[in-house]
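Protein chains get the first letters and strands the later ones, always in sequence-line order, with residue 1 at the start of each.
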Protein chains: 2
Amino acid sequence: MHNRQEILDAAAQVFAQHGFRGSTTRRIADAAGVNEITIFRQFGSKEALLREAMKHMTQSVGLALLPDVPSDPERELTLWSESFIQHLRLRSSIIRKTMSEMEERPELSECASYVPRQASADLCHYLTALKRQGRAAEKFEPKTAAAMLMGAIFADAMGREMMPDVYPQPQEKAAQMYTRLLLRALGVEIVSRRTTSKQTKRTKQLSA
Amino acid sequence: MHNRQEILDAAAQVFAQHGFRGSTTRRIADAAGVNEITIFRQFGSKEALLREAMKHMTQSVGLALLPDVPSDPERELTLWSESFIQHLRLRSSIIRKTMSEMEERPELSECASYVPRQASADLCHYLTALKRQGRAAEKFEPKTAAAMLMGAIFADAMGREMMPDVYPQPQEKAAQMYTRLLLRALGVEIVSRRTTSKQTKRTKQLSA
DNA sequence: TGTGTAAGTAAGTGACTACTTGCATTCCTG
DNA sequence: CAGGAATGCAAGTAGTCACTTACTTACACA
């Protein structure tokens, strides 16, 4: 029973490295330090195991929160972007695998869309509030703006390892740079005093 | 001999559907309408075949060109973005598979980075020229701006099928919307008269 | 007509895969 | 100490995989 969690973690890790077809029950058992038979007794089949592992993964995700009422947009959005890009970077392997398996095995990766959907909804909500406050000089569709920022962050997290010279340097400032670019596109005035990356990271986010 | 091309095409198609491990020589042979043995006689091994198929794919790609001297930034960039997003959408399956296999089989997917690298360089070059012309009211790093636009386009092309409600509607206008947002972030004045999507598509791009 | 080349057929090899069965071991609990 | 549940070990099953060998067929060309 106490092995169950270790098996799930091992399955997720092996899947992130090798994908579904490459995640042999042998490899997962070895990674979990468990006999291969135990897997079948606990989960019934390889597919059931991986389905549960995927579901379990997405449940433990905590996204940074954006305030319902924007006050310092640059700071709030930068913090959110940094936490989002960090989340994606830590899971870039498993995200790539999941996106690849999506077409062939949708039932396995359904839950994968939960996090980006939630993030998009949160961001849209925030941008809409910003617009209602009248702090955006330009007209814009929140959904388009949100897709733009999230897209830039997503592509950075997925592609930087493969092509580091294509993305802005240093890596740690990338989220901030994308965020600033977006705010300028929306015509939002930047009011916050200069804060270093370390300061912003330490001053964690404020909930609604 | 005349089968060689058909085998390469079939291999690429099967790979796009099933990835490396799922691309059995049997499946590829069936898809090509050829005996499995022919594959081994022509290419030696499954890996060699897929390597050649991938290399062959990337060679036939023609990216839209951006002028060396920007004249109508909104129109020129929109055309480029539309051609780029169309390119990615047509190949979204194979791109997902390639990104997924990258870590496990880098020698197979090396060539995959050629197109985005080229696109990034072209776009950076154009944005730098725009900046030099003094047509951007805001200061910006071309590389960051390029990564932002390309990232938004990339994420749209990869993710819209899976989560259509997250991305701006209609699909056909998405590239244009991202482009406009970017130009506003750069403080580039939009001068072009309103053109419909159909017109812009027909008036293909102008080279340097 | 003879020869070389590309293609097909048939059969098989050894390795790996998901999954099963039977039995022994450990350990917790009553 | 007895009984049951979780786990491990050894062996095996049926299927698939990449790849090979040996032989045949079809066609081009001289």
Side-chain angles (χ1 to χ4, degrees), chain A residues 1-57 94 97-98 100-109, chain B residues 1-57 94 97-98 100-109:
Chain A
M1 205 66 137
H2 37 299
N3 277 344
R4 197 174 176 86
Q5 191 53 50
E6 298 165 29
I7 296 175
L8 284 173
D9 291 344
Q13 178 217 317
V14 171
F15 176 82
Q17 272 181 46
H18 306 285
F20 184 85
R21 269 183 258 251
S23 295
T24 67
T25 50
R26 187 110 175 77
R27 259 203 271 246
I28 296 173
D30 286 352
V34 141
N35 194 292
E36 198 180 342
I37 317 297
T38 307
I39 287 181
F40 290 101
R41 280 200 274 244
Q42 292 250 8
F43 301 92
S45 74
K46 164 181 163 175
E47 201 193 319
L49 161 63
L50 283 172
R51 194 157 37 220
E52 194 166 331
M54 298 296 292
K55 204 171 293 177
H56 182 265
M57 271 235 86
I94 207 169
K97 257 64 173 192
T98 305
S100 172
E101 307 280 353
M102 201 59 128
E103 296 154 284
E104 235 177 325
R105 262 170 275 278
E107 75 287 355
L108 201 143
S109 347
Chain B
M1 204 67 133
H2 37 299
N3 277 346
R4 198 175 176 86
Q5 191 53 49
E6 297 164 31
I7 296 175
L8 285 173
D9 291 344
Q13 178 216 318
V14 171
F15 176 82
Q17 272 182 45
H18 306 285
F20 184 84
R21 270 183 256 253
S23 296
T24 67
T25 51
R26 186 109 174 77
R27 258 203 270 246
I28 296 173
D30 285 353
V34 141
N35 194 292
E36 199 180 343
I37 317 297
T38 306
I39 287 180
F40 289 102
R41 279 202 274 244
Q42 292 251 6
F43 301 93
S45 74
K46 164 182 164 175
E47 201 192 320
L49 162 63
L50 283 172
R51 194 159 35 222
E52 194 166 331
M54 298 296 292
K55 204 172 293 177
H56 183 265
M57 271 235 86
I94 206 168
K97 258 60 173 195
T98 304
S100 172
E101 306 280 355
M102 199 61 124
E103 297 154 283
E104 234 177 327
R105 263 170 274 279
E107 76 286 356
L108 200 145
S109 349

Any side-chain N or O of B:Asn3 below 4.0 angstrom from OP1/OP2 of C:dA6? no
For residues 30-41 of chain B, which side-chain N or O atoms pair as donor and acceptor with protein atoms under 3.5 Å away, sequence neighbours left out?
residue, atom, partner, partner atom, Å
B:Asn35, OD1, B:Ile37, N, 2.9
B:Glu36, OE2, B:Thr25, OG1, 2.7
B:Thr38, OG1, B:Asn35, O, 3.3

Heavy atoms of B:Ala12 and B:Ala53 approach each other most closely as N-CB, 4.3 Å
5'-most contact on DNA chain C (nearest-nucleotide basis), A:Thr24 vs A:Ile37, goes to A:Thr24
From the list A:Glu101, A:Arg27, A:Met57, side-chain contact (heavy atoms from CB on, under 4.5 Å) with A:Phe15 holds only for A:Glu101
Here the gap from A:Met54 atom CE to A:Glu52 atom CD, rounded to the nearest 0.5 Å, amounts to 12.5 Å
Quick note, salt bridge (Lys or Arg N to Asp or Glu O under 4.0 Å) partners involving residues 9-23 of chain B, not counting sequence neighbours, are B:Arg21-B:Glu104
What residues 45-54 of chain B contributes to the DNA chain D interface at heavy-atom separation below 4.0 Å is B:Ser45, B:Lys46
Practice item. Check whether any side-chain N or O of B:Thr25 sits under 4.0 Å from OP1 or OP2 of D:dA18, and answer yes or no. Key: yes
Rounded to whole Å, the CZ-P distance (A:Phe43 to C:dA18) equals 15 Å
Whole-Å distance, A:Arg27 CZ to C:dC19 C1', equals 18 Å
Taken to the nearest whole Å, CD/B:Gln5 to C1'/C:dA6 is 17 Å
Correct closest heavy-atom pair for B:Ser109 and B:Thr98 would be CB-CG2, 3.4 Å
Assign each of A:Arg41 and A:Phe20 the nucleotide of DNA chain C bearing its closest heavy atom; nearer the 5' end lies the nucleotide of A:Phe20
To the nearest angstrom, the CD1-P distance between A:Ile7 and D:dA6 comes to 13 Å
Under 4.0 Å from OP1 or OP2 of C:dA7: is there any side-chain N or O of B:Asn35 that close? no
Rounded to whole Å, the CZ-C1' distance (B:Arg26 to C:dA10) equals 13 Å
Of D:dC19, D:dT7, C:dC19, the nucleotide closest to the side chain of A:Glu36 is C:dC19
Atom CD of B:Gln42 and atom P of D:dA18 are separated, to the nearest Å, by 18 Å
Closest non-hydrogen atoms of B:Ala10 and B:Ile28, given as atom of the first, atom of the second and distance, are CB-O, 3.9 Å
Whole-Å distance, A:Phe40 CZ to D:dG8 P, equals 14 Å
Whole-Å distance, A:His18 NE2 to C:dT17 C1', equals 15 Å
